[in-house]
Amino acid sequence: MPKSRIRKKADFTPPPAAKQATSIKLTNRSWVAPVMLALFAIGLAWIVVFYVTDGSLPLESLRNWNIVVGFGFIAGGFAVSTQWK
């Protein structure tokens with residue numbers, strides 16, 4: 001029975017040099033952290049003042065809705081935090 005012919009493998013040739021990576025220009029987001037922290041602090045302060053003053057401050061006309069306003073500020077802080085890079 002005849003032997004099969006051995007095939008020579010082609011030498012490895014690296015792929016052509018890839019194009020240089022383009023730099024991604026990030027926008028300046030230095031405002032995000034201060035705004036986020038300010039919204040957290042305002043929301044927390046709003047709720048604390050509401051409880052400490054037995055509901056007479058910050059806005060007495062809102063009654064227990066003052067808690068929702070405080071949590072709204074905190075939720076706004078979380079919404080702003082999504083912009084942080």
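- Atom CD of E60 has 12 or fewer heavy atoms from other residues, nucleotides or ligands within 6.0 Å.
- Closest approach of M36 to S81, counting heavy atoms only: SD-CB, 3.2 Å.
- Hydrophobic cluster membership is shared by V68 and I47, with clusters built from Ile, Leu, Val, Met, Phe, Trp and Tyr side chains linked at under 4.5 angstrom.
- Hydrophobic clustering, with ILVMFWY side chains joined whenever heavy atoms are under 4.5 angstrom apart, groups Y51 together with L62.
- To the nearest 0.5 Å, the span separating CD1 on I42 from CG on L37 amounts to 11.0 Å.
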Is there a ring-ring contact (aromatic ring centres under 6.0 Å, His included) between F40 and F73 once you walk through the steps? CA-CA 6 Å; F40 287 154; F73 278 114; over 10 Å; no
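- Using a 4.5 Å heavy-atom threshold, the side chains of W31 and V80 count as touching.
- Counting only heavy atoms from C-beta outward, the side chains of W84 and R29 never approach each other to under 4.5 Å.
- One finds the CH2 atom of W46 at 12.0 Å from the CD1 atom of I74 (value rounded to the nearest 0.5 Å).
- For the pairing with L57, the side-chain contact (heavy atoms from CB on, under 4.5 Å) check across V49, N66, V52 returns one residue only, V49.
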